[in-house]
Q: 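Can you read through this structure? Questions will come right after.
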Amino acid sequence: MKELRSIQTELNAPKNQYNAFGKYSYRSCEDILAAVKPLLAAYNCTLTLTDGIELIGDRFYVRATATLTNDTGDTASTTAYAREDEVKKGMDGAQITGAASSYARKYALNGLFCIDDVKDPDATNKGDASPRKAQAPAAPPTPPADLDQAIDAVLQAADIASLTGVWKKYRHLQGYPDFVNAKNRRKAELQ
């Protein structure tokens, strides 16, 4: 989709927010949306954000999907997840879900528009607002030896109950996107 490539190239979403407690600048979901709206109009595209709640293991996650649609109906989308805290001081349940939704939407937008948050304190969590020198990216971690076996087990699950059993058996892999995505695809096939 040529419009997406152009929007990715032209989009500038600066970190206009400041976290005084952590002493770092960041960009919010709202900042990204404000920056992308003029480009959506310029390229005659529509952006939609949708949320869903998904039970993964014994925890609930907000699943956010960002979808870009051009005027001919072509689409591109990305999905991101954020886990709800069970308790967050000073927040009721709706506020906790809203915070997880905003976080997941931000990272879905980051994925769709190629916004690099490697230097973002959300990614580093060091609380340092000073500029960092460019560094070579770290080598990706070696996946666990049983990741392929777990994905094969997910793909062979005959029903939701057996899929749930596989998910619980490989609880230590629930943070690996390949495993999560395989489980989500198989779950959709079985429903």
Side-chain angles (χ1 to χ4, degrees), residues 1 3-4 7-8 11-17 19 22 25-41 43-71 73-118 120-123 125 151 154 157 160 163-164 166-168 171 173-191:
M1 172 188 287
E3 296 89 353
L4 178 57
I7 292 170
Q8 288 172 340
L11 180 62
N12 181 19
K15 296 176 185 176
N16 291 330
Q17 308 296 321
N19 181 309
S25 296
Y26 66 97
R27 73 179 59 82
S28 67
C29 177
E30 293 79 10
D31 294 330
I32 297 169
L33 292 173
V36 79
K37 283 179 182 180
L39 295 172
L40 294 173
Y43 290 101
N44 202 24
C45 291
T46 303
L47 175 67
T48 55
L49 294 167
T50 57
D51 288 342
I53 302 294
E54 195 166 316
L55 180 63
I56 300 176
D58 60 349
R59 295 299 304 270
F60 287 98
Y61 288 75
V62 175
R63 179 190 66 251
T65 302
T67 304
L68 183 72
T69 306
N70 68 12
D71 60 354
D74 295 328
T75 64
S77 30
T78 58
T79 300
Y81 290 83
R83 188 179 78 195
E84 291 185 327
D85 285 333
E86 291 178 4
V87 176
K88 190 149 179 114
K89 189 174 181 178
M91 292 181 135
D92 65 21
Q95 290 169 317
I96 292 171
T97 301
S101 168
S102 181
Y103 196 82
R105 285 176 171 210
K106 173 184 168 179
Y107 283 96
L109 290 167
N110 283 356
L112 184 63
F113 296 122
C114 292
I115 299 171
D116 183 8
D117 267 350
V118 171
D120 190 327
D122 273 0
N125 199 21
I151 291 171
V154 162
I160 296 292
L163 181 62
T164 301
V166 171
W167 182 253
K168 288 179 180 178
R171 184 178 306 270
L173 299 175
Q174 292 177 2
Y176 287 86
D178 290 346
F179 183 57
V180 173
N181 292 337
K183 187 271 303 178
N184 291 340
R185 282 192 307 271
R186 187 63 181 151
K187 182 178 177 184
E189 293 169 359
L190 292 171
Q191 289 180 335

Q: Specify the closest pair of heavy atoms between A64 and A108, including all atoms of both residues, with the distance to one decimal.
A: O-CB, 3.7 Å
Q: Taking R27's backbone N and O only, do any of them form a donor-acceptor pair with K106's side chain (distance below 3.5 Å, no angle check)?
A: yes
Q: Is there a side-chain contact (heavy atoms from CB on, under 4.5 Å) between V36 and L109? Walk through the geometry before answering.
A: CA-CA 10 Å; V36 79; L109 290 167; 5.8 Å; no
Q: Taking side chain as C-beta onward, heavy atoms only, is L163 less than 4.5 Å from E189?
A: no
Q: Between D71 and E3, which heavy-atom pair has the shortest distance, and what is it?
A: OD1-OE2, 4.5 Å
Q: Could you verify whether a donor N or O on one side chain and an acceptor N or O on the other, from D31 and N16, lie under 3.5 Å apart?
A: no
Q: Less than 4.5 Å apart, any side-chain heavy atom of L47 and any of T67?
A: no
Q: Nearest 0.5 Å, please: how far is CD1 in I115 from CG in L11?
A: 5.0 Å
Q: Which pair of non-hydrogen atoms, one from A80 and one from A104, has the smallest distance, and what is that distance?
A: CB-O, 3.4 Å
Q: Looking only at heavy atoms, which two atoms of K187 and L55 are closest? And how far apart?
A: NZ-O, 4.5 Å
Q: Calculate, to the nearest 0.5 Å, the distance between atoms CE and OG1 belonging to M1 and T75 respectively.
A: 6.0 Å
Q: Nearest 0.5 Å, what's the CG-CD1 distance between L39 and I7?
A: 6.0 Å
Q: Return yes if some donor-acceptor pair links the side-chain N/O of T164 with the main-chain N/O of I160 below 3.5 Å, else return no.
A: yes
Q: Rounded at 0.5 Å granularity, tell me how far CG in N184 sits from CD1 in I56.
A: 5.5 Å
Q: Sort out for me which residue in K183, R83, R59 forms a salt bridge (charged side-chain N to carboxylate O under 4.0 Å, His left out) with E54.
A: K183
Q: Check whether R186 reaches the backbone of A157 with its side chain - one donor and one acceptor, N or O, closer than 3.5 Å.
A: yes
Q: Kindly compute the distance separating CG (L40) from CG (L68), expressed to the nearest 0.5 Å.
A: 6.5 Å
Q: Could you tell me whether the side chain of Q8 and the main chain of L112 form a donor-acceptor pair under 3.5 Å?
A: yes
Q: Distance from S28 atom OG to Y103 atom OH, nearest 0.5 Å?
A: 13.0 Å
Q: Before giving the answer on side-chain contact (heavy atoms from CB on, under 4.5 Å), spell out for F113 and L4 the whole-Å C-alpha distance, their side-chain angles and the decisive distance to 0.1 Å.
A: CA-CA 7 Å; F113 296 122; L4 178 57; 4.0 Å; yes
Q: What's the shortest heavy-atom distance between R105 and L49, and which atoms?
A: NH2-O, 3.7 Å
